[in-house]
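The analysis underlying the following values was restricted to heavy atoms, covering all of them including side chains, and did not include hydrogens, waters or symmetry mates.
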2 protein chains.
Amino acid sequence: MDTPGVVIQRLPLYLRCVKALQEQGKRITSSQEMAEHLGLSSAQIRKDLSHFGEFGKQGMGYDLAYLHEQLERILHLDRRWDMVLVGAGDLGHALIRSGDFVQRGFRIVAVFDADPHKIGQPLGPLVVRDVATLSSSIRELGAQIAILAVPAGAAQEVASKLAEAGIRAILNYAPVSLNLPPEVRVGHVDPLVLLQSMTYYLCPEG
Amino acid sequence: MDTPGVVIQRLPLYLRCVKALQEQGKRITSSQEMAEHLGLSSAQIRKDLSHFGEFGKQGMGYDLAYLHEQLERILHLDRRWDMVLVGAGDLGHALIRSGDFVQRGFRIVAVFDADPHKIGQPLGPLVVRDVATLSSSIRELGAQIAILAVPAGAAQEVASKLAEAGIRAILNYAPVSLNLPPEVRVGHVDPLVLLQSMTYYLCPEG
DNA sequence: GCCGACTTGTGGTAAAATTCACAAGTGATG
DNA sequence: CATCACTTGTGAATTTTACCACAAGTCGGC
C-alpha cells in the first residue's frame, strides 16, 4: 500500500494545525474543526488519516496530543535531521541565521560554497567549506537532506553531485527544475512561480 | 471555459523553460524537449497549452520567441506589478534587498510594520510605514498584490485587513493557513512543510 | 437505561487530472 | 513528387483525487 503523494504533502499541514490548536489550550479536536482551520473538507482529513490507522474516536474526535505524536511518527519528525547547505550567499546567510528550521528539528551541519573568498570564512557557528569536498563531507556527516541555495546556473550540477553523494532529499531554492534520479525527493521553494501564477487571475480592470 | 488551477500553476514553469532554452541560443523547441527539461510528459504540455490556443506547428514544434510572448500575455506578465510588503523583519529586509522580484516585473512599492521602532526607518529605497495605515496606503497606491512576512500569530489578522483593503493576491511567508474570501488568491511559501513531507520518504536505515 | 447530538472510518460515486494514441500537417531528402 | 521522420492538437481511455453519505460507536443528560 503506497500512500499518494498529495496525502503526504498534507500531513505537515495537519501537524501544524494540531500544534496550533494545542497552543490554544485545546485537548481534543474534530475533523471538522481542522477542516475549517485549513480550508479543506472534513472527509478529506479523515480519509487521509485513515491511510495510517485509526486515530480518533467516534462521537469524540481526535486527542490532540496523540494525533500530534502519531503525525510526527509517520513523518519521521520524532528525531533530528541534519542538513547540508550549499550556497553561502545572502539566502544562505538568512537560512543559517533564521532559527526556523532548528526549532522544528532540522539542523544545518555544514555549509559549502565555490567562491574562494567565502571558503574558510565563518558563517554563524559554521565555517564555509569548499564545494569540491562536498561528497566526502556528506558521507562523513551522514546527512540525507540538502538545501540548495546556489545561482540558477550552478543548481543542476550541484544537485547531481548531491545525489551522487547520497543525498536523498533536496530543498531547492534555485529557480530551476532539477533533473535527478527518481529516488531523490525535491521540494521547490519558488516564490516567483507563485506570483506568476497568481497574476493570471488578476486583471487590471476586473 | 475556466482553466484548471493546476494548469495555470504550470505555465510559469513553461515560461521559465522557454527562457532557459532561449538563453541557450535556441529558436525553436518541441513539447518533448520541454518535457525532458521539466520532468513532465510531452502530452501534458501540449494539452496545457491547448487551453489557450494553438502555438505550435505540426512537424516543427514551437517558436520560442512567440511562445515566450504568449505565455507572458496569458499570465499578464507583460506589465509591471506593484506589491506591498507587510513585515519589516529579517525576511522583509531580505526580500527588499534581493532583486529577484524586480527583475521579473514585480516591484515592492511600500513596506509596513507594527513595531514603533521600525516605523519611519528607511528600508532600502522605502520608509517603513505604520501598519495601521495599511488600508489607505493600499488604495492610494493601487496595489493588488501583497507579500505577507509577519510572524505566524499576526498573519491571519493582517491578511484579513489586506483583503478588506482590496488586495487580490497574497504571497504568504507565514507558516499559517489563511482563511480568506475565495476571490483572494494565496500562494504559500513554506519550506518547512516541504521538508516535513520529504522526511516521510526518508528512513534512517532504508 | 434510553435518547439525542456528535463524530469517525469507509465503500461507493463523482469529478478531475493525466496519459494514450492517432489523424493531420510540415519540411527535408533524394 | 513521393517518402520519411517529426511534431502538434485532441478525443477517448485511464488513473488519480476528492466528496458524499451512512453504519457504527461514544458520551452526556435525564
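Annotation: A:K57, atom NZ; neighbour count of heavy atoms from other residues, nucleotides and ligands within 6.0 Å does not exceed 12.
As rounded to whole Å, 10 Å separates atom P of C:dT18 from atom NE2 of B:H51. Between the C1' atom of D:dT16 and the CG atom of A:D48 lies a distance of 13 Å, rounded to the nearest Å. When the P atom of C:dG9 is taken as reference, atom CZ of A:F52 falls 13 Å away, rounded to whole Å. Look at CD1 on A:I45: it is 13 Å from P on C:dT7, rounded to the nearest Å. At whole-Å resolution of the value, CG in B:L49 and P in D:dT10 are 11 Å apart. The interatomic distance linking B:L67 (CG) with D:dT7 (P) rounds to 15 Å, in whole Å.
For the residue pair A:Q156/A:S160, the side-chain donor-acceptor check at 3.5 Å is satisfied.
Side chain of B:S137 to backbone of B:L134: no donor-acceptor contact under 3.5 angstrom is found. The backbone N or O of A:E33 lies less than 3.5 Å from a partner atom in the side chain of A:S30, making a donor-acceptor pair. Checking side-chain atoms of B:S42 against main-chain N and O of B:S31 turns up no donor-acceptor pair under 3.5 Å. A:H188 contributes a side-chain N or O that, together with a main-chain N or O of A:A174, makes up a donor-acceptor pair within less than 3.5 Å. The backbone N or O of A:K118 lies less than 3.5 Å from no partner atom in the side chain of A:D113, so there is not a single donor-acceptor pair.
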Dump every N/O contact between nucleotides 28-30 of chain C and the protein below 3.5 Å, one line per pair.
none

Do any N or O atoms of the protein come closer than 3.5 Å to N or O atoms of nucleotides 22-26 of chain C, and which pairs are they?
unit_1: C:dA24; atom_1: N3; unit_2: B:Q58; atom_2: NE2; d: 3.4
unit_1: C:dG25; atom_1: O4'; unit_2: B:Q58; atom_2: OE1; d: 2.1
unit_1: C:dG25; atom_1: N2; unit_2: B:G59; atom_2: N; d: 3.0
unit_1: C:dT26; atom_1: O4'; unit_2: B:Q58; atom_2: O; d: 2.9

Decide yes or no on side chain to side chain contact (heavy atoms under 4.5 Å, CB included) for B:Y14 and B:L67, but give the supporting numbers first. CA-CA 9 Å; B:Y14 299 162; B:L67 190 53; over 6 Å; no
Is there a side chain to side chain contact (heavy atoms under 4.5 Å, CB included) between A:L148 and A:L178 once you walk through the steps? CA-CA 11 Å; A:L148 192 54; A:L178 299 176; 3.8 Å; yes
Give the intermediate values and the outcome of side chain to side chain contact (heavy atoms under 4.5 Å, CB included) for residues B:M83 and B:I108. CA-CA 5 Å; B:M83 310 187 291; B:I108 298 174; 3.9 Å; yes
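Checking the phosphate oxygens (OP1, OP2) of D:dT26, no side-chain nitrogen or oxygen of A:Y62 falls inside 4.0 Å.
Note: A:H76 and B:Y200 have parallel aromatic rings, judged against thresholds of 30 and 60 degrees for the angle between ring planes.
When distances run from any side-chain atom of A:K47 to the nucleotides C:dT18, C:dT10, D:dT8, the shortest one goes to C:dT10.
No option in B:D190, B:V150, B:L91 other than B:L91 meets the side chain to side chain contact (heavy atoms under 4.5 Å, CB included) test with B:Y173.
No side-chain heavy atom of A:F112 sits under 4.5 Å from any side-chain heavy atom of A:L162.
Against DNA chain C, the stretch residues 4-16 of chain B makes heavy-atom approaches under 4.0 Å through B:P4, B:V6, B:R10. If you check residues 25-43 of chain B against DNA chain D, the residues with a heavy atom closer than 4.0 Å are B:S30, B:S31, B:Q32, listed by number. Sorted by residue number, the list of members of residues 179-187 of chain A with any non-hydrogen atom under 4.0 Å from DNA chain D is empty.
A distance of 13.0 Å separates CD1 in A:I145 from CG in A:L85, rounded to the nearest 0.5 Å. Rounding to the nearest 0.5 angstrom, the gap separating the CD atom in A:Q9 from the CE atom in B:M198 is 10.5 Å.
Electrostatic pairing of B:E157 and B:K161 counts as a salt bridge here, judged by a charged N lying under 4.0 Å from a carboxylate O.
Taking the screw axis at each terminus of the helix from C:dG1-D:dC30 to C:dG30-D:dC1 from five consecutive base pairs, the angle between the two is 10° to within rounding of 10 degrees.
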